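Atom set for the values below is all heavy atoms of this structure, side chains included, hydrogens, waters and symmetry mates excluded. Predicted model only: the values in this text are computed from it and were never measured.
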Amino acid sequence: MTMARRLLILLTALLLCCPALAEETQPQEVEWSFVEEVMLDDDNNVVPLEEDTPPVEEEPVVELTARDDFINRIIALGEQLYKKADGKSQRAHYSGDIYVCKNFTTYLFRENRDSFRMAEYPDVQLKIPNNLPKDKCRPYSYGILWEDVAASEGNPFYVAASFRYDTNLSHAENLELACEFMRQAQRGDFFQMSADYEYGVGAHSAIMLSYDPENDEIHWMDSNMRGGKRDGIRYGLVQFDEVKSVEWWASTFCHKTRGATLYRLRDDIIYAGD
C-alpha cells in the first residue's frame, strides 16, 4: 500500500471519529428580554420610573406671626370692600364716610385692632394717629404726616421712611430721592402723602401691598384716589392691588412743600391676651 493511500485512509478515519470537525460552527442565537422598572398608581396603572429625577425639596415652613396676621386681616378686609363695591364709586363726602381716603385706611385698622396689642404695652388698645393739623405742618402742606402719638398711648406705628421736597436740590435730584423712598415700601405699610398729580391736589392715604423690584413697581390699595362729584356729593373709587411704577408714585409728591411718609407696624405686635 502506497504512502499516499495510507494517509488518505487515516484522514478518513479521523473525520469519521470527529464529525463535528466537518461541520461549520454556527453562532448560537441568544434571546434577549427587556424588563422596565415600573410602579403602579392607585388605579393600578403603570407609572414608569423616571431616572435622574431630582428629589423634591419641601418648602420651609414659615411661622405666621401676630404681626403678619394683623396685616393679612387688614388687607383681606380691604379686598372684601373692594369686591363689595364691584367697581362702583362709593360716597366719600362726609366726615363719617369710610370711603374717604384716610377714613378707609383707619377703618381697616380699627376693625382688626382689638385682637392685637404691643408686647411692650399689652394693656393698651391700639390706635392709629390722625393727620397732623394744617398749622403744624408748615412749611409743608397738610397731609404729609400724622400726629406724633407715643407707643405708650397705643400707637403701634413708627416712621419707616420719609421724603420731603428739598428746595436746595434740583427737581431731578429730588425725584431720585423720592424714588428711593418709594422702593422702601413693604407689605402692610400705611402710606401718607401730600400730592399734586392728575387725580387731584392734597392729602391722600393708602396701604402698600408690595414693592416689585423686578419691574420697579408699587402694588397698593386705597379709596378715593380717583373719584368725582354727583349732585355736589363726592364719590370715590375703591382700589385693590393697583399697580404703578415707582417713578409715577414719586412724581405725585415730588413738588415744593410736598412729600410723603411710610408708617410701619412695630415688630412686637402680639395677640391680645398673650
ask   = Which heavy-atom pair separates M193 from A260 by the least distance, and what is that distance?
value = CB-CB, 3.6 Å

N72-R67 side chain donor-acceptor pair, cut-off 3.5 Å = no

query = From L77 CG over to N112 CG, what is the distance, rounded to the nearest 0.5 angstrom?
reply = 6.0 Å

key: Neighbour count above 12 (heavy atom, 6.0 Å) for E176 CD   = no

query = Which distance, rounded to the nearest 0.5 Å, do you find between the CZ of R91 and the CD1 of I98?
reply = 10.5 Å

ask   = Do you know the tightest heavy-atom contact between M221 and G78?
value = SD-CA, 3.9 Å

request  = Taking all non-hydrogen atoms of both residues into account, name the closest pair between A85 and Q90 and its distance.
outcome  = CB-NE2, 3.6 Å

Side-chain donor or acceptor of N155 paired with backbone N/O of V149 under 3.5 Å = yes

query = Does the H255 side chain pair with the main chain of S251, one donor and one acceptor, at a distance under 3.5 Å?
reply = yes

query = Are the side chains of T167 and K256 in touch, meaning some heavy atoms are under 4.5 Å apart?
reply = yes

ask   = Just how far is it from atom NZ of K244 to atom CE of M182, taken to the nearest 0.5 Å?
value = 13.0 Å

ask   = Cut-off 3.5 Å, side chains only: do H219 and D241 have a donor facing an acceptor?
value = yes

inquiry  = Is any side-chain heavy atom of Y99 closer than 4.5 Å to one of L81?
reply    = yes

request  = For the residue pair E147 and P133, establish whether any side-chain heavy-atom pair is separated by less than 4.5 Å.
outcome  = yes

message = Please determine whether side-chain hydrogen bond (donor to acceptor under 3.5 Å, both in side chains) holds for the pair N174 and R164, giving the CA-CA distance in whole Å, both sets of side-chain angles, and the decisive distance to 0.1 Å.
response = CA-CA 9 Å; N174 273 287; R164 306 289 182 268; over 6 Å; no

inquiry  = Between D166 (side chain only) and N168 (backbone N and O only), is there a donor and an acceptor less than 3.5 Å apart?
reply    = yes

request  = Show your reasoning for whether side-chain hydrogen bond (donor to acceptor under 3.5 Å, both in side chains) applies to Y142 and D135.
outcome  = CA-CA 8 Å; Y142 169 77; D135 59 336; over 6 Å; no

key: Worked verdict on F253 versus F181 for ring pair (Phe, Tyr, Trp, His ring centres under 6.0 Å)   = CA-CA 11 Å; F253 53 80; F181 158 76; 5.7 Å; yes

request  = Taking the six-membered ring for Trp and the single ring otherwise, decide whether the centroids of F70 and F109 are under 6.0 Å apart.
outcome  = yes

inquiry  = Is a donor from one side chain sitting under 3.5 angstrom from an acceptor on the other, for N131 and K102?
reply    = yes

message = Quick check on the hydrophobic clustering: are L209 and I74 connected, directly or via other members, by side-chain heavy-atom contacts under 4.5 Å?
response = yes

ask   = According to a 4.5 Å side-chain heavy-atom criterion applied to Ile, Leu, Val, Met, Phe, Trp and Tyr, with indirect links allowed, do Y107 and L237 form part of one hydrophobic cluster?
value = no

query = So do the side chains of Y199 and T252 get within less than 4.5 Å of each other, counting heavy atoms only?
reply = no

message = One pair to check against salt bridge (Lys or Arg N to Asp or Glu O under 4.0 Å): D216 and R183. What are the steps and the verdict?
response = CA-CA 8 Å; D216 204 25; R183 293 186 181 108; 2.8 Å; yes

request  = Supply the atom-to-atom distance T105 OG1 to R110 CZ, rounded to the nearest 0.5 angstrom.
outcome  = 9.5 Å

ask   = With distance as the sole criterion, is a donor-acceptor pair present between the side chains of D114 and Q125 under 3.5 Å?
value = yes

request  = Heavy atoms only: give me the nearest G143-C137 pair and the separation to one decimal.
outcome  = N-SG, 4.3 Å

ask   = Would you call I270 and F116 a side-chain contact if the rule is heavy atoms closer than 4.5 Å?
value = no

task = Could you go through the side-chain contact (heavy atoms from CB on, under 4.5 Å) check for K127 and T106 one step at a time?
result = CA-CA 9 Å; K127 66 168 62 175; T106 298; over 6 Å; no

task = Classify the side-chain pair E217/W249 by whether it contains a donor and acceptor separated by less than 3.5 Å.
result = no

ask   = If you draw the axis of the six-membered ring of F157, does the NZ or CZ of R266 fall within 45° of it and under 6.0 Å from the ring centre?
value = no

query = Taking C-beta and beyond as the side chain, do R264 and Y158 meet within less than 4.5 Å on heavy atoms?
reply = yes

ask   = Do V100 and L108 belong together in a cluster built from hydrophobic side chains that touch within less than 4.5 Å?
value = no

key: Donor-acceptor under 3.5 Å (T257 side chain, Y140 main chain)   = no

task = Evaluate ring pair (Phe, Tyr, Trp, His ring centres under 6.0 Å) for F104 paired with Y82, printing each intermediate quantity in order.
result = CA-CA 11 Å; F104 183 73; Y82 163 76; 9.9 Å; no

inquiry  = Tell me if the CG atom of D148 is crowded by more than 12 foreign heavy atoms within 6.0 Å.
reply    = no

inquiry  = With a 4.5 Å cut-off on side-chain heavy atoms, are Q192 and W146 touching?
reply    = yes

task = Please lay out, stage by stage, how R117 and V124 fare under the test side-chain contact (heavy atoms from CB on, under 4.5 Å).
result = CA-CA 7 Å; R117 294 288 188 272; V124 180; 5.7 Å; no

ask   = Hey, any chance V201 and L145 share a hydrophobic cluster, counting ILVMFWY side chains that come within less than 4.5 Å of each other, even indirectly?
value = no

query = Just how far is it from atom NE2 of H93 to atom CG of D231, taken to the nearest 0.5 Å?
reply = 11.0 Å

query = Taking the six-membered ring for Trp, are H171 and Y165 parallel (under 30°), tilted (30 to 60°) or perpendicular (over 60°)?
reply = tilted

query = Just by distance, do the side chain of D86 and the backbone of K83 share a donor-acceptor pair under 3.5 Å?
reply = no

message = Assess the residue pair I218 and W248 against the criterion (side-chain contact (heavy atoms from CB on, under 4.5 Å)); give the C-alpha distance rounded to whole Å, side-chain angles, the decisive distance to 0.1 Å, and a yes or no.
response = CA-CA 9 Å; I218 297 292; W248 179 88; over 6 Å; no

request  = Check C179 against V246 and note the closest heavy-atom contact, atom names and distance.
outcome  = O-CG1, 3.5 Å

task = Determine, using the 4.5 Å side-chain heavy-atom cutoff (strictly less than), whether V159 and L132 are members of one ILVMFWY cluster.
result = yes

ask   = Without hydrogens or angle criteria, can the side chains of S162 and T261 be said to hold a donor-acceptor pair below 3.5 Å?
value = no

request  = Would you check if the side chain of E173 reaches a backbone N or O of S170 as a donor-acceptor pair within less than 3.5 Å?
outcome  = yes

task = Determine yes or no for a side-chain-to-main-chain donor-acceptor pair under 3.5 angstrom, with R258 supplying the side chain and S194 the backbone.
result = no

task = Walk me through it: do S141 and K134 pass the test side-chain contact (heavy atoms from CB on, under 4.5 Å)?
result = CA-CA 7 Å; S141 301; K134 183 177 180 179; over 6 Å; no

inquiry  = Quiz question: by atom type and distance under 3.5 Å, do the side chains of D68 and T65 form a donor-acceptor pair?
reply    = yes

Side chain proximity check, P156 to I269, heavy atoms < 4.5 angstrom = yes

request  = Quick one: pull up CG in N224 and CD in Q239 and give me the separation to the nearest 0.5 Å.
outcome  = 10.0 Å

ask   = Where do W220 and F191 land on the ring pair (Phe, Tyr, Trp, His ring centres under 6.0 Å) test, with the steps shown first?
value = CA-CA 9 Å; W220 84 96; F191 176 80; 9.2 Å; no

